S.K.: 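Questions regarding the structure given below will be posed in turn.
Counting starts at 1 for both ligands and their atoms, following the listed order. All of these numbers come straight from a predicted model, not from anything done at the bench.
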Amino acid sequence: MARTPVLIVGGGPVGLALAGELGWRGIACTLIEQGDGTIVTPKMNEVNIRTMEFCRRWGIADAVHACPFPPDYPLDVAFVTSLSGHELGRMPRPPRASQRPEPHSPMRLQVCSQMWFDPILQRFARSFPHVGLRYRTRLESFEATGNSVTAEVVDLASGRRERIAADYLVGCDGADSGVRRALGIGLDGKTLGHPVHLYFRAPNLLEICGRKPTTFFMTVDRGGAWSNVRVIDPANAMWRLMVLDAGAGLMPATIDREGLLRRALGRPLEVEWLGTSVWTRRTVVADRYGDGRVFLAGDAVHQLSPTGALGMNTGIGDAVDLGWKLAATLDGWGGEHLLAAYDAERRPVGARNVRMSGEFYGAHGKLGGELAHIEDDDARGDAVRRRIGETLVRGVGRMFRTVGLQVGYRYEESPICVPDGTPPERDDPEAFVPSTRPGARAPHAWLADGRSTLDLFGRGFVLLRLGMDAPDAFGFAAAAAARRVPLEVVSVSEPEVAELYRRRLVLVRPDGHVAWRGDAVPDDPQEVIDRVRGAGL
Ligand SMILES: Cc1cc2nc3c(=O)[nH]c(=O)nc-3n(C[C@H](O)[C@H](O)[C@H](O)COP(=O)(O)OP(=O)(O)OC[C@H]3O[C@@H](n4cnc5c(N)ncnc54)[C@H](O)[C@@H]3O)c2cc1C
């Protein structure tokens, strides 16, 4: 029987990110994916700031930047009655090439369709000889015992069945997760609708409709906010029309594509149809993120309305959180409670992001009672459009102002972060307040040598000594060495960084979150080290 330390089920972006993260940490793993890796109808387009920070750590940020989405293409959002109709409002979002540096991060949100992003993650995972990716291989069943998991898998090309033994199994198998169902884990939340995606190629679409380059058009007509049209690949004129809710039970073959496109564009247009998908918009989160040696991540445990572009990004946060904990446990320095902290840390983040994405979707239905006049070509129509446009930018527009959601999540109730009694910063989706309060993502600041503070984190724990009079960290170093916890002590003398970090000593975990902070080494540094490695809780 084949053996692997970690068996990952599902080769979507979350499974691939976990395989890459484990590979990067030197942990052998095997990923099985029932498909062949081809993406016919790409869903995700926005790789957010936090995911780009992980890409920077993994050394693949340049590859994401170099994806075919043109760096000089405006990322604007326009609210229109149709693409040929009236413009109600616009949210300028400059092209990446001319964006100002982000004060809170060395990275920016990057538009990169899943059809380019997944292969980048795939190449990253494959770059490690100890990571195996097996496509056209499906998990049939698994059995977990106290000290291992045995999976039965089938090679879909040959039909050959095989058993694989693993120390841990992680279900990254998407919304319809068989691993979740086998564990009897339920989902809590609701269904919001049944959208339809129509993919098409239309060279000169913008010119024909009289529009300047814009990434995302939201269409609002007498029927209300009903669809959006998004450019996926400008160089190849690939677009996607999403009908927000087409009702239950629709079959792709019977969809009136031409009619829907005519309503969105405000004119007929012959296009090359590339694909259709019908899906269910849900806001749900799982009751538990795993059971014993089996864990779940990504859409398997949280399904978000895409409003806010948080689905995959939340799942990649899961992969990074679980990745270092699995690595620490397999390497022998993680304590017996470390893996249980995955649920305690990530499930509240999943619930928060699910709630916010549902709230963003809800804003589409709150446009007031004047829609009947939105297309009128008269003064009243102008006034109605102005008012609805402002409402749209203020309300629906929130889903594009999410820096706080992207980088401001923190692990409030974590059993492996040491609270210091200070109150939490406000969790504002639109604003980010940097903080070194335990559980928060350690803040970004530029160092004198041109690196970001974030570049210091990743492999093991890092104890930052901040300022010229930071205490000696010998006690911490000895306590970490006693438990074989990888710990690097880094002295930072830049006064701005010391001021931002607020304490003279800040202990940062391998995932870049703060585990402990203080102005002096505690009386018992061993107790702190044991707690943050998930032992002796
Ligand atoms: C319209 C739309 C736009 C979106 N835009 C964004 C965005 O801009 N940003 C963002 O962050 N998110 C976005 N999302 C969400 C994002 O696409 C998903 O959250 C993400 O794809 C989930 O990744 P995953 O790896 O968890 O699951 P999936 O991508 O669903 O992958 C699961 C994989 O598991 C495989 N699998 C299942 N069962 C088995 C089995 N038994 N054996 C082997 N393999 C199996 C499947 O074949 C599949 O490949 C969007 C979603 C939609 C619908």
S.K.: What's the verdict on side chain to side chain contact (heavy atoms under 4.5 Å, CB included) for W24 and S127, showing C-alpha distance, side-chain angles and the deciding distance?
M.R.: CA-CA 9 Å; W24 187 78; S127 68; over 6 Å; no
S.K.: Does R230 make a cation-pi contact with W239, if we ask for NZ or CZ under 6.0 Å from the ring centre and within 45° of the axis?
M.R.: no
S.K.: Counting only heavy atoms closer than 4.0 Å, does ligand 1 sit against the backbone of E140, its side chain, both, or neither?
M.R.: neither
S.K.: If you count the atoms of ligand 1 from 1 in the order shown, which ones are under 4.0 Å from a heavy atom of G174?
M.R.: 27 (O), 30 (O), 32 (C)
S.K.: Taking N313 for its side chain and E46 for its backbone only, find out whether a donor-acceptor pair lies under 3.5 Å.
M.R.: yes
S.K.: Closer than 4.0 angstrom, basic N to acidic O: yes or no for E258 and R263?
M.R.: no
S.K.: Under 6.0 Å from the six-membered ring centre of Y168 and within 45° of its axis: does the NZ or CZ of R293 meet both?
M.R.: yes
S.K.: May I ask you to check whether D299 has an N/O atom sitting below 3.5 Å from an N/O atom of ligand 1?
M.R.: yes
S.K.: What class does the angle between the rings of F128 and F124 fall in, given that below 30° is parallel, 30 to 60° is tilted and above 60° is perpendicular?
M.R.: perpendicular
S.K.: Under 4.0 Å, counting heavy atoms only: does T137 come that close to any atom of ligand 1?
M.R.: yes
S.K.: Could you pull out the closest heavy-atom pair between S357 and S305, with the gap in Å?
M.R.: CB-O, 3.3 Å
S.K.: Nearest to atom 13 (C) of ligand 1 by heavy atom, M44, R138, Q303: which?
M.R.: M44
S.K.: Among M242, R134, K43, which residue places a heavy atom closest to atom 4 (C) of ligand 1?
M.R.: K43
S.K.: How close does the nearest protein non-hydrogen atom get to atom 44 (N) of ligand 1, and which residue and atom is it?
M.R.: Q34 N, 3.1 Å
S.K.: What do you reckon, does V9 have a nitrogen or oxygen under 3.5 Å from a nitrogen or oxygen of ligand 1?
M.R.: no
S.K.: Is it true that K325 and D511 make a salt bridge, defined as a side-chain N closer than 4.0 Å to a carboxylate O?
M.R.: no
S.K.: Could you find the nearest protein heavy atom to atom 25 (O) of ligand 1 and give me its residue, atom name and distance?
M.R.: V14 N, 3.1 Å
S.K.: Identify the closest protein heavy atom to atom 41 (N) of ligand 1: which residue and atom is it, and at what distance?
M.R.: L139 O, 3.3 Å
S.K.: May I ask you to decide whether R25 forms a salt bridge with E21, counting only side-chain N to carboxylate O separations under 4.0 Å?
M.R.: yes
S.K.: Apply side chain to side chain donor-acceptor pair (under 3.5 Å) to S105 and H444, showing your working.
M.R.: CA-CA 5 Å; S105 175; H444 151 74; over 6 Å; no
S.K.: Can you pull out the closest protein heavy atom to atom 38 (N) of ligand 1? Residue, atom name and distance to 0.1 Å, please.
M.R.: D173 CB, 3.6 Å
S.K.: Quick check with a 6.0 Å cut-off and a 45 degree axis cone: is R346 positioned over the face of Y409's six-membered ring?
M.R.: yes
S.K.: Considering only heavy atoms of L310, which atoms of ligand 1 have at least one such atom less than 4.0 Å away?
M.R.: 11 (O)
S.K.: Heavy-atom contact check, 4.0 Å cutoff: does C172 meet ligand 1?
M.R.: yes
S.K.: Distance to 0.1 Å, residue and atom name: give those for the protein heavy atom nearest to atom 12 (N) of ligand 1.
M.R.: M312 N, 2.9 Å
S.K.: At what distance is the nearest protein heavy atom to atom 29 (O) of ligand 1, and which residue and atom is it?
M.R.: P13 CD, 3.5 Å
S.K.: Can you list the atoms of ligand 1 that are under 4.0 Å from a heavy atom of G298?
M.R.: 26 (O)
S.K.: Within ligand 1, which atoms have a heavy atom of G311 less than 4.0 Å away?
M.R.: 10 (C), 11 (O), 12 (N), 15 (C), 19 (O)
S.K.: Do me a favour and list the nearest non-hydrogen protein atom to atom 49 (O) of ligand 1 with residue, atom name and distance?
M.R.: E33 OE1, 2.7 Å
S.K.: Would you mind listing which atoms of ligand 1 come within a distance below 4.0 Å of any non-hydrogen atom of Q114?
M.R.: 21 (O)
S.K.: Is the Lys NZ or Arg CZ of R240 less than 6.0 Å from the centre of F200's six-membered ring, within 45° of the axis?
M.R.: no
S.K.: Identify, for atom 8 (O) of ligand 1, the protein heavy atom at the shortest distance, and state residue, atom and that distance.
M.R.: E46 N, 3.0 Å
S.K.: Evaluate H197 for polar contact with ligand 1, using N/O atom pairs at a separation under 3.5 Å.
M.R.: no
S.K.: Assess the pair Y342 and Y289: is the distance between their ring centroids shorter than 6.0 Å?
M.R.: yes
